[in-house]
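Heavy-atom basis, side chains included; hydrogens, waters and symmetry copies ignored.
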Amino acid sequence: MRRFLPLVLLLTMFSSASIAQTSIGGKVYDVDSNNEELIGANVVLYKGGNYETGTSTDFDGNYKMSVDPGTYDVVFTYVGLSDVKVTGV
C-alpha cells in the first residue's frame, strides 16, 4: 500500500465575528504520484475525539468547511492509501 501524505497548502482559518464561525480549507496531494491532486479524498474534523464534520475534495483536490472556532484534529482518507491525521489545527 502506498503512503498517503497530503500537502495541505491552504490550511487556513478565516474568521467572521458576525456569525462566530471559521472556515478551514486546503488542497490535498498525493506526494507519491508526482503531487497529483486527490479527487474525492475524505477530510474529517474531530474535536476532543468526537466527530464534528467532514467533506470531500473537489476535482482540483480542494476542500473547505465552516466550523466553530477551536482546535481540531483533521483526518484525510482516500481509498487504497493510508489515512493521515494532523492534530492541533
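Inter-residue side-chain proximity for F76 and L81 is flagged as unmet; no heavy-atom pair is nearer than 4.5 Å. Residues T71 and K47 form no side-chain contact, since every pair of their non-hydrogen atoms from C-beta on lies 4.5 Å or further apart.
The cluster map of Ile, Leu, Val, Met, Phe, Trp and Tyr, joined by side-chain heavy atoms under 4.5 Å apart, puts V89 and L45 in the same cluster. Under the 4.5 Å side-chain contact rule for hydrophobic residues, V44 and V67 do not share a cluster.
Shown here for D60 and E37, the closest heavy-atom pair between the two residues is O-CG, 3.1 Å. Closest approach of F59 and I39 over heavy atoms only: O-CG1, 3.4 Å.
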Residue pair E52, Y72: steps toward the side chain to side chain contact (heavy atoms under 4.5 Å, CB included) verdict:
CA-CA 9 Å; E52 285 291 316; Y72 296 89; 3.7 Å; yes
Does the pair V75 and Y46 meet the rule for a side chain to side chain contact (heavy atoms under 4.5 Å, CB included), with working shown?
CA-CA 8 Å; V75 178; Y46 294 91; 3.7 Å; yes
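Residues meeting the side-chain contact (heavy atoms from CB on, under 4.5 Å) test with T87, sequence neighbours left out: D73, K85. Taking S56 as the reference, N42 meet the side chain to side chain donor-acceptor pair (under 3.5 Å) condition, with sequence neighbours excluded. Partners of E36 according to the side-chain contact (heavy atoms from CB on, under 4.5 Å) rule, which considers only residues two or more places apart in sequence or in another chain, are S33.
Here L38 contributes atom CG and D58 contributes atom CG; the two are 11.5 Å apart, rounded to the nearest 0.5 Å. Interatomic distance, OG1 of T55 versus CD1 of I24, reported as 11.5 Å (0.5 Å rounding).
Looking at T57, its side chain does come within 3.5 Å of a backbone N or O of G40 through a donor-acceptor pair.
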